[in-house]
Amino acid sequence: MNQTVAIILLALLAVAVISFLINLYNKLVLLKFNVDKAYSNIDVVLKQRADEIPNLVSVAKNFMNYEKDILTKLTELRTVYTTTTDSDKKTALANETSKALSSFFAVSENYPELRSNNNFLELQKRISELENKISDRREFFNDSVNLYNIGIHEFPNVILAKMLGYKDKILLEVTEQEKQYHGVQF
């Protein structure tokens, strides 16, 4: 009788451990796919923004003879972004592109003839609309990334996450221009 009870207890313990590991694995998979989904949602808009950069550079080249470094950087970032498939690298490139676009639009203030060009104004408006969409989706993306990063560092998740090769994901940053609200910087 004691041997039967011991076998039943061992079987229950084995079922409990296996169930725990399955739940742990499923949680990590859920977090990973949640980040992937959030990235897919924002990647569409980031790609649209990247597609506008050649048009912006083309229009600006005629007016901004002294700002070739910014134009070259925007072009390089766009090229690397469109050829990269790694979501972490694309996120880092999107952060750099946001900073470069902010610099570009700040410098464009020094060129009144550019600021009055209809093509430039249309492109600026289009990019501004895309930036607003990115801003809306960034919150969901960053929340998903934050939950994922926390999830892979929690104990005992960290053990299984390391075995599965899960690594921290990069957040989409808020640019300094976006931090400014009615002239007040946060």
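You'll find the side chain of Y81 stays beyond 4.5 Å of the side chain of T97, heavy atoms only. Using a 4.5 Å heavy-atom threshold, the side chains of Y25 and L164 count as touching. The shortest side-chain heavy-atom distance between V29 and Y166 falls under the 4.5 Å cut-off. With a 4.5 Å cut-off on side-chain heavy atoms, L9 and V5 count as touching.
The heavy-atom pair separating N117 from N119 by the smallest distance is OD1-N, 2.9 Å. The two atoms that bring T82 and A50 nearest to each other are CG2-CB, 4.3 Å, heavy atoms only. Considering all non-hydrogen atoms of both residues, L74 and I53 come closest at O-CG2, 3.7 Å. Closest approach of L114 and S108 over heavy atoms only: CD2-CB, 3.9 Å. In plain terms, the two heavy atoms of G151 and L28 that are nearest each other are O-CD2, 3.9 Å. Of all heavy-atom pairs spanning R138 and E173, the tightest one is NH1-O, 3.4 Å.
The cluster map of Ile, Leu, Val, Met, Phe, Trp and Tyr, joined by side-chain heavy atoms under 4.5 Å apart, puts F104 and Y111 in the same cluster. Both F105 and V59 are members of a single hydrophobic cluster when ILVMFWY side chains are connected at heavy-atom separations under 4.5 Å. Residues V80 and I134 share a hydrophobic cluster, clusters being chains of Ile/Leu/Val/Met/Phe/Trp/Tyr side chains in contact below 4.5 Å. By the rule that hydrophobic residues join a cluster once side-chain heavy atoms approach within less than 4.5 Å of another member, L21 and L31 end up as members of one cluster. Connection of F20 to V17 is established within a shared hydrophobic cluster, with ILVMFWY side chains joined at heavy-atom distances below 4.5 Å, either directly or through further cluster members.
Heavy atoms of other residues, nucleotides or ligands lying less than 6.0 angstrom from CD of E129 number more than 12. Within a 6.0 Å sphere centred on CZ of F33, other residues, nucleotides and ligands contribute 12 heavy atoms or fewer.
The list of salt bridge (charged side-chain N to carboxylate O under 4.0 Å, His left out) pairs with a residue in residues 81-90, not counting sequence neighbours, reads D43-K90.
Atoms CG and CG, from N146 and D168 in turn, are 10.0 Å apart once rounded to the nearest 0.5 Å. Between the OG1 atom in T79 and the CG atom in L93 there is a gap of 10.5 Å [rounded to 0.5 Å]. Between L24 atom CG and E154 atom CD the span is 9.5 Å, to the nearest 0.5 Å. We find the CG-CD1 distance between L172 and I42 to be 4.5 Å, quoted to the nearest 0.5 Å. To the nearest 0.5 angstrom, N2 atom CG is 11.0 Å from I7 atom CD1. Atom-to-atom distance recorded for N157:CG and I150:CD1 is 11.5 Å, nearest 0.5 angstrom.
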Give the intermediate values and the outcome of side chain to side chain contact (heavy atoms under 4.5 Å, CB included) for residues R49 and L101. CA-CA 10 Å; R49 180 180 71 178; L101 280 170; 3.5 Å; yes
Pair K169, N149 - check side chain to side chain contact (heavy atoms under 4.5 Å, CB included), show working. CA-CA 7 Å; K169 299 282 185 185; N149 287 344; 4.0 Å; yes
Residue pair D69, K73: steps toward the salt bridge (charged side-chain N to carboxylate O under 4.0 Å, His left out) verdict: CA-CA 6 Å; D69 291 343; K73 182 169 178 92; over 6 Å; no
Using side chain to side chain contact (heavy atoms under 4.5 Å, CB included), reason through F140 and K37 one step at a time and then give a plain yes or no. CA-CA 10 Å; F140 177 67; K37 179 181 113 183; 4.2 Å; yes
Take L121 and K125 through the test side chain to side chain contact (heavy atoms under 4.5 Å, CB included) and record every step on the way to the result. CA-CA 6 Å; L121 293 174; K125 179 182 172 192; over 6 Å; no
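Side chain of T91 to backbone of S87: a donor-acceptor contact under 3.5 angstrom is found. The closest donor-acceptor contact from the side chain of R137 to the backbone of N41 lies under 3.5 Å. A donor-acceptor contact shorter than 3.5 Å links the side chain of T75 to the backbone of L71. Formation of a donor-acceptor pair under 3.5 Å by the S102 side chain with backbone atoms of S98 is found in this model.
The ring pair (Phe, Tyr, Trp, His ring centres under 6.0 Å) test applied to Y39 returns F141, not counting sequence neighbours.
Using a cutoff of 4.0 Å between basic side-chain nitrogens and carboxylate oxygens, K47 and D51 are scored as salt-bridged.
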